[in-house]
Amino acid sequence: MNHWKRVVWLGAAAVIAARASVGPDMAFAASPEFARSEEEWAGLRDNVLEYDEIEDLIAEYNTTVQTNQLDLNEFKRKYGDTKEDVSNKYREMAEEIYSSIDYPDADDMMYGMVVNSVLMAEIQAKNMLEQADENLEDSEIIYLGYKQAEKTLVTVAETNMINYEKNQLQLQQAELAIRQAERAVTGAATRQANGLATSVEVLNAQESLLTARRNRESALSSIETVRQKLLVMLGWKYDDQPEIRQVPKSDMERIVHMNPYEDREKALENNYTLQINQKKLANATNQNVMESIKKDIADNEQKIGSSLVTSYQNVLAAKLAYDQAAAELDLENRNLQSLEINYQHGNASRTEVESQRDVVQGKEIAIQIADLNLFQIMETYDWAVNGLASTS
């Protein structure tokens with residue numbers, strides 16, 4: 001807190017400079033200081049964003065997570081912890097409404113209006129009694145729902161960070177396309193001057209250049225949009241300028257250890273939706289309700305298993321796409337080497353060599369994007385195992 005107090009006394013310009021040099025503000029962390037080590041806090045509070053910090057940053061600084069924690073605390077304060085506590089609170093509220101009703105005399109001038117208010121109060125009280133009888137919720141169910149929301153926000157932030165890097169690579173692709181289009185425009189204009197190209201060819205080349213430039217502007221806009229979303233989710237201000245580190249490279253060994261059939265039990269154990277339904281079943285007393293929840297649970301289990309298999313198949317498909325991108329890069333590198341040798345012997349032009357270098361650069365960008373895609377899909381599989389497998 002001392003850091004925050006010092007900042008308050010700085011001049012306006014100094015505040016901006018100081019704020020730009022630090023990470024998420026310690027004054028707004030969800031956990032007390034003793035909840036983490038000094039080293040952990042230092043990692044979260046620096047002005048550097050690393051991929052493996054996202055889960056902790058969401059837990060400490062995301063406003064939705066903080067609001068949900070406050071709501072959970074309020075639920076416990078108002079309704080209690082157990083299903084019986086909650087149901088009894090509804091009955092207590094219904095009794096308070098009934099006891100506050102003052103039935104009017106028939107000759108009261110405001111009889112019609114008062115009777116209407118009385119009827120509304122009786123309906124409200126009756127509804128609360130029905131809620132008391134039908135209630136299945138307790139504080140643990142509310143907690144599990146909020147925890148599921150928190151982990152889902154982590155996956156959104158992870159996706160944003162991956163997309164931020166993808167968008168930067170797409171910007172490189174756009175800049176490469178501009179260079180290639182500029183070369184094509186020059187070539188078309190030269191051929192036209194020599195009577196070897198039509199004005200239509202020149203116009204087509206110019207249109208390709210305009211398209212490439214529009215793509216660059218679109219990529220720049222996407223980079224800034226996703227950057228701002230990412231920072232705000234993790235506790236920075238939208239206009240802060242932290243250093244955003246690269247997403248980790250795909251570890252192919254992870255795929256070796258994936259097995260959707262062996263991982264199914266862990267996915268069932270961790271799944272938030274399934275845990276909520278199991279807790280509702282434990283709270284239920286009505287036989288029809290219990291049978292309905294049992295059907296939901298059986299459906300959940302089937303879909304979790306299916307979701308895990310689908311996620312694994314997606315990983316394998318992404319790995320094939322990565323391998324294909326690697327093979328294409330290797331081929332174009334060999335083509336470049338061959339062209340360079342031919343150029344040295346006078347059998348290829350400088351333009352051909354430069355064009356092939358552009359092709360190689362394009363393939364280098366493509367394999368980086370393929371790696372990010374693979375990494376993201378492996379993360380999706382792991383989240384399916386760790387509680388977020390689809391149940392719908």
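Worth saying up front: this structure is predicted, and the values here are computed from it rather than measured.
Considering only heavy atoms from C-beta on, M128 stays 4.5 Å or farther from R91 through its side chain. Between E150 and T64 the shortest side-chain heavy-atom distance does not fall below 4.5 Å. Side-chain contact between K151 and E55 is present, with at least one heavy-atom pair separated by less than 4.5 Å. Side-chain contact check for I255 versus L316: some heavy-atom pair is nearer than 4.5 Å. Contact annotation: the side chain of E301 never approaches that of T391 to less than 4.5 Å [non-hydrogen atoms, C-beta and beyond].
When N277, T273, N271 are each tested for a side chain to side chain donor-acceptor pair (under 3.5 Å) with N300, only one passes: N277.
Between the side chains of R350 and Y343, at least one donor-acceptor pair of N or O atoms lies under 3.5 Å. Using modelled atom types, one finds a donor on one side chain and an acceptor on the other under 3.5 Å when comparing Q287 with E291.
L339 and V359 are assigned to two separate hydrophobic clusters, defined by single-linkage of ILVMFWY side chains at heavy-atom distances under 4.5 Å. By the criterion of side-chain heavy atoms lying less than 4.5 angstrom apart, applied directly or through intervening Ile, Leu, Val, Met, Phe, Trp or Tyr residues, Y322 is not grouped with I369; the two fall into different hydrophobic clusters. Grouping the Ile, Leu, Val, Met, Phe, Trp and Tyr side chains by contacts below 4.5 angstrom, directly or via other members, places V154 apart from V385. There is a path of hydrophobic side-chain contacts, each under 4.5 Å, that joins F375 to L230.
When the shell of 6.0 Å around CD of Q302 is examined, it contains 12 or fewer heavy atoms from other residues, nucleotides or ligands.
In this pair, W41 and Y61 present their aromatic rings perpendicular. The plane angle is above 60°, beyond the 30 to 60° band.
Listed by chain and number, the residues in a side-chain hydrogen bond (donor to acceptor under 3.5 Å, both in side chains) with Q324 are E328 (sequence neighbours excluded).
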(request) Any chance you could lay out the salt bridge (charged side-chain N to carboxylate O under 4.0 Å, His left out) test for K147 and E140, step after step, and finish with the verdict? (result) CA-CA 10 Å; K147 186 57 67 173; E140 184 180 352; over 6 Å; no
(request) Please assess R77 against E74 for the test salt bridge (charged side-chain N to carboxylate O under 4.0 Å, His left out), listing each intermediate value before the final yes or no. (result) CA-CA 5 Å; R77 185 192 68 78; E74 178 64 12; 2.5 Å; yes
(message) Before you tell me yes or no, could you show the steps for L49 and W236 under side chain to side chain contact (heavy atoms under 4.5 Å, CB included), namely the whole-Å CA-CA distance, both residues' side-chain angles and the distance that decides it to 0.1 Å?
(response) CA-CA 10 Å; L49 171 56; W236 279 273; 4.0 Å; yes
(message) Quick one, E137 with K280, criterion salt bridge (charged side-chain N to carboxylate O under 4.0 Å, His left out). Give me CA distance, side-chain angles, the key distance, then yes/no.
(response) CA-CA 7 Å; E137 288 193 334; K280 286 181 178 179; 5.6 Å; no
(message) Working note: R245 + E243, criterion salt bridge (charged side-chain N to carboxylate O under 4.0 Å, His left out); need CA distance, chi angles, decisive distance, verdict.
(response) CA-CA 6 Å; R245 297 276 174 85; E243 176 188 351; 2.6 Å; yes
(request) Apply side-chain hydrogen bond (donor to acceptor under 3.5 Å, both in side chains) to E379 and Y51, showing your working. (result) CA-CA 12 Å; E379 291 287 271; Y51 185 86; 2.7 Å; yes
(request) Carefully, step by step, assess R214 and T211 under the rule side-chain hydrogen bond (donor to acceptor under 3.5 Å, both in side chains). (result) CA-CA 5 Å; R214 285 195 294 269; T211 299; 3.2 Å; yes
(request) Could you check Q228 against E224 for side-chain hydrogen bond (donor to acceptor under 3.5 Å, both in side chains), going step by step and ending with a plain yes or no? (result) CA-CA 6 Å; Q228 291 181 15; E224 183 57 20; 2.7 Å; yes
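Seen from the ring of Y238, R227 does not count as a face-on cation partner, given the 6.0 Å and 45° thresholds.
Through side-chain heavy atoms spaced under 4.5 Å, either directly or across other Ile, Leu, Val, Met, Phe, Trp or Tyr residues, L209 is tied to I178, V185. Clustering of Ile, Leu, Val, Met, Phe, Trp and Tyr side chains at separations under 4.5 Å places I293 together with L136, L268, L274, L281, V289, M290, I297, I304.
Residues D85 and K89 are not paired through a salt bridge, judged by the lack of any N-O separation under 4.0 Å between the basic side chain and the carboxylate.
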